[in-house]
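Report on the following structure.
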Amino acid sequence: MADIAVQLPDGSSRSVAPGTTVAGLAADIGAGLAKAAISAVVDGGERDLNHQLVDGDQVEIVTADSEAGLHVLRHSTAHVLAQAVLELWPGATFAIGPPIENGFYYDFSLPDGQTFNDDDLERIEAKMRDIVDADQPFVRSEVPASEALQLMADHPYKRDIIERVSSGAADSELSTEVSGEVISFYRNTESFVDMCVGPHVPSTGRLGHFKLMSVAGAYWRGDEKQPMLQRIYGTAWATSKQLKQHLQRLQEAAKRDHRKLANELDLLSFPSELGGGLAIWHPKGAIARKLMEDDSRRRHEDGGYSFAYTPHLANGNLFETSGHLDFYADGMYPPMEMDNGTYYPKPMNCPMHVLVYRSQQRSYRELPLRLFELGTVYRYERAGTLHGLMRIRGFTQDDAHIFVDQEGLADELADLLNFVLDVLRSYGFDDFTAKLSTRPAEKSVGSDEIWKLATDCLVAALETAELPYEVDEGGGAFYGPKIDVDVRDAIGRSWQLSTIQADFALPERFDLEYVASDGSRKRPVMLHRALMGSLERFFGVLIEHYAGNFPLWLAPVQVEILPVAEEHASYGSEIFDRLKAAGFRCELAEPSDPLGKRIRRAKTQKIPYVLVVGSDDASAKTVGVNPRGGEVERDVPVDDFLARLEREMGDRAVSSSSSPTG
RNA sequence: GCCUCCUUAGCUCAGUCGGUAGAGCGCUUCCAUGGUAAGGAAGAGGUCAACAGUUCAAUUCUGUUAGGAGGCUCCA
């Protein structure tokens with residue numbers, strides 16, 4: 001029989017004997033590849049290593065160092081998890097177990113309402129190691145749906161999947177489980193078989209660099225009304241080194257956790273007496289916050305914004321008109337009955353800014369009218385969703401509402417996006433991605449023309465700013481399109497911070513107008529935008545981004561001055577006075593504790609500069625400089641050190657000196 | 001709201017197979033005067049998250065509540 005030819009990804013063709021499997025092809029190409037091979041993509045479809053090739057196949061061999069290969073490893077590890085659980089808990093049933101970022105999970109339901117606890121994870125993991133050591137093959141078979149239902153007779157969730165798939169109702173969530181007319185299964189032993197599209201590693205011996213991480217509840221099909229299953233999360237990698245690195249990354253992230261650092265650096269706290277999701281800012285956190293607020297106000301002043309102040313409570317009528325009581329009541333704090341009205345803590349600032357706009361007749365000459373406020377709002381977030389500063393019930397937005405005519409929309413949005421990026425850059429973020437959310441299919445307010453105009457302007461702004469973006473087609477709110485800006489932090493995590501949202505609904509609801517140049521009454525477009533989002537959350541992100549090492553301008557204490565001994569105390573306070581007069585935040589540590597102890601204390605507080613001053617310094621008017629993360633420098637003239645501080649402040653130094661008027 | 005886990009001194013954590021508790025840091029006082037990451041000693045500090053139940057006895061076991069962590073769901 002003649003050889004068959006298969007195409008490789010580099011465009012070359014290779015002849016192999018008929019009946020050759022993917023594994024055989026890999027071995028034919030090289031021993032290294034044979035060893036690294038996990039699965040293959042044949043003519044666009046994922047296949048196992050023992051899949052037989054036919055003439056003309058386009059073959060790409062997948063190895064564990066690729067994302068696809070890791071996916072297969074993780075998926076196979078999930079099967080091993082399921083096998084272990086089903087062996088350890090007779091009568092247990094299983095649902096789905098897909099690979100996810102960094103690992104996998106599997107959902108189970110245990111008999112008699114049993115649940116997993118943390119100790120169970122160790123038992124399960126030990127059982128999984130046994131299965132890996134046994135090097136069981138993953139044997140594929142394909143059967144029609146009717147037979148599949150019999151095979152999974154004891155597993156109602158699997159049967160549910162089969163029924164949904166065979167009726168064509170399956171969604172993408174199940175794409176790793178089943179697809180198509182026939183249902184495929186992978187059998188590892190006489191007793192363990194799992195329904196699965198595959199592909200899988202050839203045998204469990206290929207696995208092993210995994211760790212079970214946690215147990216959690218998860219609703220069947222992600223639906224609150226469905227039964228809650230027991231989900232086990234694990235992480236899995238191609239090598240033990242990768243696994244170790246992943247666990248180290250988790251540790252690094254844990255070290256930066258803003259809740260931990262906020263406590264260690266005495267920035268703020270969440271006393272239980274206050275209630276969940278509410279923070280108090282301690283003096284050191286409050287200084288940083290004030291600096292952020294001052295910086296924000298200065299930038300808005302320079303950027304042509306007018307300021308507004310609005311109260312924390314409003315009569316319910318306002319939120320009736322704005323529509324928040326219709327659409328957002330679940331997110332609002334409960335009402336207070338008083339006088340002859342019902343009052344609510346405000347969940348948004350926008351209705352109040354609308355009232356500012358409407359307080360007088362507006363002319364086109366006033367547009368764009370930009371109203372800015374550090375506005376504190378209260379939202380009822382469900383108890384289980386609260387998370388430090390990241391998800392909180394009372395918070396302050398750097399909120400602005402811009403009222404603009406259609407002619408001015410394009411310029412305003414372009415300027416606005418630059419303004420956003422400038423602010424983010426000033427906090428050391430430089431890796432941005434954006435998401436454009438467009439008109440939803442179901443229902444929306446506003447004409448086709450206005451939607452098109454606003455969306456086009458947003459696209460133009462993104463392109464002018466050369467910001468990479470993806471489009472969430474139909475993902476916008478019913479009242480207008482928006483741009484979300486994500487930033488990547490110092491350890492590569494992505495945070496959604498800024499939002500620019502067009503709103504065609506509120507101007508309508510509040511009947512907003514301006515007088516156009518031809519004397520006619522027109523309706524403005526309203527833009528909502530927040531740069532930092534909430535100050536609280538932004539500060540949380542900053543703490544993690546900087547790992548608590550705030551840049552000089554933002555550090556609660558910028559310089560710690562340590563006189564070596566009692567006799568240097570007066571020189572120490574001389575330095576303190578000079579730095580303070582120059583506008584820097586300093587602390588002078590009395591020499592009652594040993595020098596080493598005082599240095600350690602300042603270092604653990606992550607203070608940017610520790611100055612040690614002794615006899616040499618007093619006579620020569622110098623300081624010893626111990627910079628955060630740098631080498632000790634001796635005999636630095638005080639003037640030089642001051643100049644260095646001022647340089648490092650950059651354009652933030654402006655806030656401490658009075659700007660000329662006139 | 002749901003699932004799992006957690007709550008012991010100001011902080012970080014031990015511990016008690018049921019007989020009301022310890023360490024380090026921090027704080028106070030005394031000694032030590034030290035040139036770049038923890039000097040020494042003494043002292044104060046706890047209704048073992050709260051409430052209820054079982055028990056001769058509960059910080060420990062059980063239940064409820066509150067708060068926290070990780071998930072799920074939610075985030076107009």
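Letters go in sequence order (proteins before strands), and every chain restarts at 1. Predicted, not measured: the structure shown is a model, and the values here were computed from it.
When Watson-Crick and G-U wobble pairs are counted only if both distances are under 3.5 Å, B/rG34 pairs with no nucleotide at all. Shown here, B/rC56 forms a base pair with B/rG19; the pair counts as Watson-Crick or G-U wobble because both key distances fall under 3.5 Å. Checking B/rU7 for Watson-Crick or G-U wobble geometry (two distances, each under 3.5 Å) identifies B/rA66 as its partner. Within the shown strands, B/rU28 is the pairing partner of B/rA42 under the Watson-Crick or G-U definition, both distances less than 3.5 Å. For B/rC75, there is no paired base (Watson-Crick or G-U wobble, both distances below 3.5 Å).
Closest approach to the A/T385 side chain among B/rU73, B/rC11, B/rC2 is made by B/rU73 (side chain taken as heavy atoms from C-beta onward). Of the candidate nucleotides B/rU36, B/rG39, B/rC3, B/rU36 has the atom nearest to the side chain of A/N626. The side chain of A/E566 approaches B/rG34 more closely than any other nucleotide in the set B/rG34, B/rG39, B/rC72. Residue A/R600 places its side chain closer to B/rA38 than to any other of B/rG35, B/rU73, B/rA38. Nearest to the side chain of A/S214, among B/rG70, B/rU33, B/rG71, sits B/rG70. Nearest nucleotide to the side chain of A/R382, out of B/rG1, B/rU36, B/rG71: B/rG1. Taking the side chain of A/V612 as heavy atoms from C-beta on, and the options B/rA76, B/rG35, B/rG1, the nearest nucleotide is B/rG35. Side-chain proximity of A/R634 to the nucleotides B/rG35, B/rA69, B/rG1 is greatest for B/rG35. Considering only the side chain of A/P591, B/rG34 comes nearest among B/rG35, B/rG34, B/rG39. Taking only side-chain atoms of A/Y219, from C-beta outward, the nucleotide of B/rC74, B/rU4, B/rC2 with the closest atom is B/rC2.
Ring pair A/Y106/A/F108 is parallel by interplanar angle, where below 30° counts as parallel and above 60° as perpendicular. Ring planes of A/Y479 and A/H528: tilted class, angle from 30 to 60°.
On the C1' atoms, B/rA9 is 15 Å away from B/rU20, given to the nearest whole Å. The C1' atoms of B/rA49 and B/rU60 are separated by 15 Å, rounded to the nearest whole Å. Annotation: B/rG46 and B/rA41 have their C1' atoms spaced 24 Å apart (nearest Å).
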Side chains of residues 588-599 of chain A: which donor-acceptor partners sit under 3.5 Å, not counting sequence neighbours?
| unit_1 | atom_1 | unit_2 | atom_2 | d |
| --- | --- | --- | --- | --- |
| A/D593 | OD2 | A/R601 | NH2 | 3.2 |
| A/R598 | NE | A/D593 | O | 2.9 |
| A/R598 | NH1 | A/P563 | O | 2.8 |
| A/R598 | NH1 | A/A589 | O | 3.4 |
| A/R598 | NH2 | A/P563 | O | 3.1 |
| A/R598 | NH2 | A/V564 | O | 3.3 |
| A/R598 | NH2 | A/D593 | O | 3.4 |

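Taking side-chain N and O atoms only, A/R259 has a distance below 4.0 Å to OP1 or OP2 of B/rA69. Within the structure, every side-chain polar atom (N or O) of A/Y328 is placed at least 4.0 Å from both OP1 and OP2 of B/rC75. Taking 4.0 angstrom as the limit, A/H568 places none of its side-chain polar atoms (N or O) nearer than this to OP1 or OP2 of B/rG34. Proximity of A/R509 to the phosphate of B/rA76: no side-chain N or O atom is located under 4.0 Å from OP1 or OP2.
For the pair A/R74 and A/W237, the cation sits on the ring face: its NZ or CZ lies under 6.0 Å from the ring centre, inside 45° of the axis.
Here A/L595 lies in heavy-atom contact (under 4.0 Å) with sugar-phosphate atoms only. Within 4.0 Å of A/R231, counting heavy atoms only, lie sugar-phosphate atoms of the nucleic acid but no base atom. Residue contacts shown for A/K597 are limited to sugar-phosphate atoms, with no base heavy atom under 4.0 Å away. Note on A/D326: nothing from the nucleic acid sits closer than 4.0 angstrom, heavy atoms only.
Heavy-atom contacts from other residues, nucleotides or ligands closer than 6.0 Å to CD of A/E101 number 12 or fewer.
Mapping A/E633 and A/E567 onto RNA chain B by nearest heavy atom places A/E567 at the nucleotide closer to the 5' end. Nearest-nucleotide mapping onto RNA chain B: of A/L229 and A/N263, the residue sitting toward the 5' end is A/L229.
Protein atom CZ of A/R601 is 10 Å distant from nucleotide atom C1' of B/rC25, rounded to whole Å. Put simply, CG on A/L506 is 15 Å from P on B/rA76, counting in whole angstrom units.
A salt bridge is defined here as a Lys NZ or Arg NE, NH1 or NH2 lying under 4.0 Å from an Asp or Glu carboxylate O, and A/R231 with A/D107 meets this definition.
Between A/F403 and A/Y357, the distance separating the two ring centers is shorter than 6.0 angstrom.
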